[in-house]
Every structure is written in structure tokens, then in C-alpha cells.
Amino acid sequence: MNYSFSKREKVLLLILALIVIGLVWYMFVWQNAENEKIRIDGEIAEAEAQTLVANNKISKQVTMQKAIDEQKAAGAKPANLPEYDNTTALMAQLNTVLASTKDYRLAFDDLDYSQEGMVARGVTITFGCSSIDAGRSVMTQLENGPFACTIDSATITSTSSSDNRTSNARIGVNTSRVVDSPYAVGLHAVFYEKL
């Protein structure tokens, strides 16, 4: 079996060998390199997104630390963040603060667990008082009390018939009643507890 290839067959075999080598290179080298490049590009994009989120957190943390430092410099004392279900102590505090008011009422919201490691306990408070300063004093006592608290909305309304056409004081959202005090106060406070 001594077959000798013609020149034309040798050229065709060479072309076939080059095509096979090219296909093998494309399938095993080029495609793998492309897939690896796409994977690395995805990891880079994810790392950049995580870096952006981390930078935003750092920026917020720096801003919050500046605010804390300013409050400390102004003499503010840190608020106590009690353990979850501080209802008994909170009610005692609310009763103490609101003892000087007239006809106070409390309506608690559903608990808010949206902040990690913390529970927000919202309460709508309505009461009557003798003056605007008395109403402000109650709000100050709540905010500066022993438990972390923010007041996110408040109204103080005169109950005088000359100031109010209907003689009803509007307190809070969608509520109205007659208050036997010169001023009616409605506010929404949020108390925070740690989980």
C-alpha cells in the first residue's frame, strides 16, 4: 500500500487540517476565553455596584456621625434604646408626661419591623392643654424622655369659638371632637426598640 497523494490532494488535506485546527481552536480556546471574559465582566460590574452601595453607606454613616457629634457638642444625652416589647415602661412614661394634660387619648399603630434590628412603635396622641407652650412642653418631654422617640407630625389648635367656626378642635388625621381646654393637640410619635 504505497499510495502517494497528488499535489491537489495534499493541498486539500492541508486546507482540511487548517479548518479542523481552526474549529478546534474556536471551540476550545476562543469560546472559553469569551465566556471567561463575560463572567469576569459580570463580576466586575457586581463589585462596582457593591462598591457604590458601600460608598453610599459610608457617606451616610459620616453624615450621621457628624450629626451625632454636633448633638453631643450641644450637650444632648444619648437616648436609651430599650429591648423589644417595652410597652409597660413606655405606657408609664406616657402617663407621666401626659398627666398634666386634659383628656388624652392614645392610638397605637401596627409595629414596623422594616429597619434591621429595630422595631418602630408609632402612636397617635391627642390631648387638651392650657396653652401652646404647654403643648410644646409635652412634645419636648416626649422627645427628650428616656426612650428613643421622634415626632413626625403635630398640630396645636385653638378650641375657642372665636378662633374655630365649628367649636370643634381638629386633632390628627380624620378625627374631630370637642375639647374642654383652650388648645387641642394632635401628634404622631414613633418610639424605637431593638430586637
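Just so you know, these numbers come straight off a predicted model, no measurement behind them. Just so you know, residue 1 is the first one in the sequence shown, and it goes up from there.
- Heavy atoms from other residues, nucleotides or ligands lying under 6.0 Å from CD of Glu43 number more than 12.
- Two different hydrophobic clusters hold Tyr192 and Leu195 under the rule that ILVMFWY side chains link at heavy-atom gaps under 4.5 Å.
- If you run side chain to side chain contact (heavy atoms under 4.5 Å, CB included) between Phe191 and each of Leu94, Thr87, Leu81, only Leu94 comes through.
- Lys194 is listed as a side-chain neighbour of Glu83, based on a closest heavy-atom distance under 4.5 Å.
- Atom CZ of Arg39 is surrounded by more than 12 heavy atoms from other residues, nucleotides or ligands within 6.0 Å.
- Residues Cys129 and Pro182 come closest through the heavy atom pair O-CD, 3.4 Å.
- Atom CD of Gln50 and atom CG of Leu52 lie 11.0 Å apart (nearest 0.5 Å).
- The closest donor-acceptor contact from the side chain of Thr51 to the backbone of Ala47 lies under 3.5 Å.
- Taking CD of Glu143 as the start and CG of Leu187 as the end, the distance is 9.5 Å to the nearest 0.5 Å.
- For Lys7, the salt bridge (Lys or Arg N to Asp or Glu O under 4.0 Å) criterion is met by no residue, not counting sequence neighbours.
- Gln31 and Asn35 share no side-chain donor-acceptor pair at under 3.5 Å.
- The hydrophobic clustering, which links ILVMFWY residues whose side-chain heavy atoms are closer than 4.5 Å, places Leu106 and Leu90 together.
- Heavy-atom minimum distance, Gln93 versus Gly145: NE2-CA, 4.2 Å.
- Heavy-atom neighbours of Tyr26 OH from other residues, nucleotides or ligands within 6.0 Å: at or below the threshold of 12.
- Criterion: ILVMFWY side-chain heavy atoms under 4.5 Å apart, direct or through other members. Under it, Ile132 and Tyr104 are part of a common hydrophobic cluster.
- Other residues, nucleotides and ligands contribute over 12 non-hydrogen atoms within 6.0 Å of the CG atom of Asp41.
- Two residues are said to be in side-chain contact when any heavy atoms from C-beta on lie closer than 4.5 Å; Ile156 and Arg136 meet this criterion.
- Side-chain contact check for Ser114 and Asp112: at least one donor-acceptor pair (N or O, by modelled atom type) lies under 3.5 Å.
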query = Checking side-chain contact (heavy atoms from CB on, under 4.5 Å) for the pair Met139/Val185: CA distance, chi angles, key distance, verdict?
reply = CA-CA 10 Å; Met139 289 184 242; Val185 178; 4.2 Å; yes
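- Applying the salt bridge (Lys or Arg N to Asp or Glu O under 4.0 Å) test to pairs two or more places apart or on separate chains, those with a residue in residues 84-101 are Asp85-Arg121.
- Atom CG in Asp109 sits 3.5 Å away from atom NE2 in His188 (nearest 0.5 Å).
- Separating the CG atom in Leu16 from the CD atom in Glu9 is a distance of 12.5 Å, to the nearest 0.5 Å.
- In this structure, CE on Met64 lies 14.0 Å from CD on Gln71, to the nearest 0.5 angstrom.
- Hydrophobic clustering (side-chain heavy atoms under 4.5 Å, transitive across Ile, Leu, Val, Met, Phe, Trp, Tyr) groups Val24 together with Trp30.
- For the atom pair Asn55 CG and Glu48 CD, the distance stands at 11.5 Å (nearest 0.5 Å).
- When each of Val97, Leu98, Asp103 is tested with Thr101 by the rule side chain to side chain contact (heavy atoms under 4.5 Å, CB included), just one qualifies, namely Leu98.
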